[in-house]
Amino acid sequence: MKKNILFLFLLAFTANIHAQYNNQSKKDKEPTGILPSKPNYLDLSEQYDKMANKYQYGALGCTAASVGLFVGYGCMKEKFELKDGETKMKEKAQLLIFGGSACAALAIICQIYSVECRFKANKYLRLQVSENGPGLAYVF
């Protein structure tokens with residue numbers, strides 16, 4: 001009997017949260033007064049997940065740019081020049097190496113932020129719908 005009551009309470013609680021979530025997205029009019037805003041944890045989880053995807057795409061783009069710049073440096077025929085008895089790297093070669101290194105560092109930073117956003121997305125409430133019905137889970 002206790003299990004049935006607990007199950008009905010949990011089902012009503014999750015249905016209430018789902019109804020509140022859908023009600024907030026369908027409002028067309030703007031509030032007239034100042035209302036305290038409470039965070040919607042279901043929405044925060046989705047936002048962090050989308051942000052993590054964007055950071056990961058940025059990391060892939062920076063990695064591709066870095067590889068392109070390093071390949072461009074590798075394909076150069078004249079990387080060094082001889083001036084006054086000293087060997088110096090040409091300015092174009094220096095720029096390719098600097099640009100490739102900067103893009104590689106940016107790719108690593110974007111990947112770190114992506115992992116951090118994935119951890120944050122997994123720490124919020126999740127509404128799960130399965131064969132047994134809806135459920136609410138708080139993932140640590």
Side-chain angles (χ1 to χ4, degrees):
M1 182 68 181
K2 288 182 182 180
K3 288 182 182 178
N4 290 337
I5 292 173
L6 184 62
F7 176 73
L8 288 175
F9 178 72
L10 184 62
L11 186 62
F13 182 71
T14 55
N16 187 15
I17 288 179
H18 183 66
Q20 287 177 0
Y21 178 73
N22 284 339
N23 190 22
Q24 286 178 356
S25 63
K26 293 180 182 176
K27 288 185 180 178
D28 292 332
K29 60 181 183 177
E30 294 183 22
T32 57
I34 298 175
L35 300 174
S37 65
K38 295 180 182 177
N40 186 353
Y41 293 109
L42 295 174
D43 197 28
L44 283 176
S45 177
E46 291 176 10
Q47 286 178 357
Y48 279 127
D49 198 29
K50 287 179 184 177
M51 195 182 314
N53 286 338
K54 289 179 183 179
Y55 276 126
Q56 193 140 31
Y57 292 144
L60 287 173
C62 289
T63 302
S66 174
V67 168
L69 290 171
F70 284 135
V71 167
Y73 171 75
C75 292
M76 284 182 67
K77 292 186 179 181
E78 298 178 9
K79 300 174 189 171
F80 298 97
E81 62 185 358
L82 188 62
K83 272 190 178 176
D84 300 330
E86 294 181 12
T87 306
K88 290 188 177 181
M89 188 178 290
K90 287 190 171 184
E91 186 177 342
K92 184 177 180 182
Q94 287 178 347
L95 289 175
L96 286 173
I97 288 178
F98 178 74
S101 301
C103 286
L106 192 59
I108 291 170
I109 291 169
C110 284
Q111 188 63 32
I112 289 171
Y113 279 140
S114 173
V115 170
E116 182 180 344
C117 286
R118 294 245 187 245
F119 282 140
K120 285 183 180 180
N122 290 334
K123 287 185 180 180
Y124 288 102
L125 293 173
R126 289 202 177 154
L127 184 63
Q128 302 169 345
V129 179
S130 64
E131 299 168 351
N132 299 330
L136 184 67
Y138 182 78
V139 183
F140 291 96

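Since the model is a prediction, treat every value here as computed from it, not as a measurement.
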Applying salt bridge (Lys or Arg N to Asp or Glu O under 4.0 Å) as the test, list every pair that has at least one member in residues 94-105; sequence neighbours left out.
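Sorted pair list comes back empty.
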
Sidechain N-carboxylate O distance under 4.0 Å for K50, E46
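A salt bridge is absent here (no side-chain N lies under 4.0 Å from a carboxylate O).
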
Please say yes or no: joined through hydrophobic side-chain contacts below 4.5 Å, possibly via intermediate residues, are V67 and I97 part of one cluster?
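Hydrophobic grouping puts V67 apart from I97.
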
Would you say M76 ends up clustered with L95 if hydrophobic residues are merged whenever their side chains have heavy atoms under 4.5 Å apart, either directly or through other cluster members?
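Per the 4.5 Å side-chain linkage, L95 and M76 are not co-clustered.
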
Quick one: pull up CD in Q47 and NZ in K120 and give me the separation to the nearest 0.5 Å.
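Rounded to the nearest 0.5 Å, the CD-NZ separation comes to 12.0 Å.
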
Point-to-point distance, once rounded to the nearest 0.5 Å, from CZ of F80 to CD of E86:
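One gets 14.0 Å once the value is rounded to the nearest 0.5 Å.
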
Tell me whether K79 at atom NZ has more than 12 heavy atoms from other residues, nucleotides or ligands lying less than 6.0 Å away.
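Result for NZ/K79: enclosed.
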
For G100 and F70, work out which heavy atoms get closest and say how close.
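Minimum heavy-atom contact is C-CZ, 3.5 Å.
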
Distance-minimising heavy-atom pair for L69 and C103
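Reported closest heavy-atom pair: CD1-SG, 4.3 Å.
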
Exercise answer: donor-acceptor pairs, residues 104-115 side-chain atoms, under 3.5 Å, sequence neighbours excluded:
from: S114; atom 1: OG; to: A52; atom 2: O; distance (Å): 3.1

Filter on side-chain hydrogen bond (donor to acceptor under 3.5 Å, both in side chains), then keep only pairs touching residues 56-73, sequence neighbours left out; what's left?
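Qualifying pairs: Q56-R118.
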
Residues two or more places apart in sequence or in another chain: which of them pass salt bridge (charged side-chain N to carboxylate O under 4.0 Å, His left out) with K90?
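Listed in chain order: E78.
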
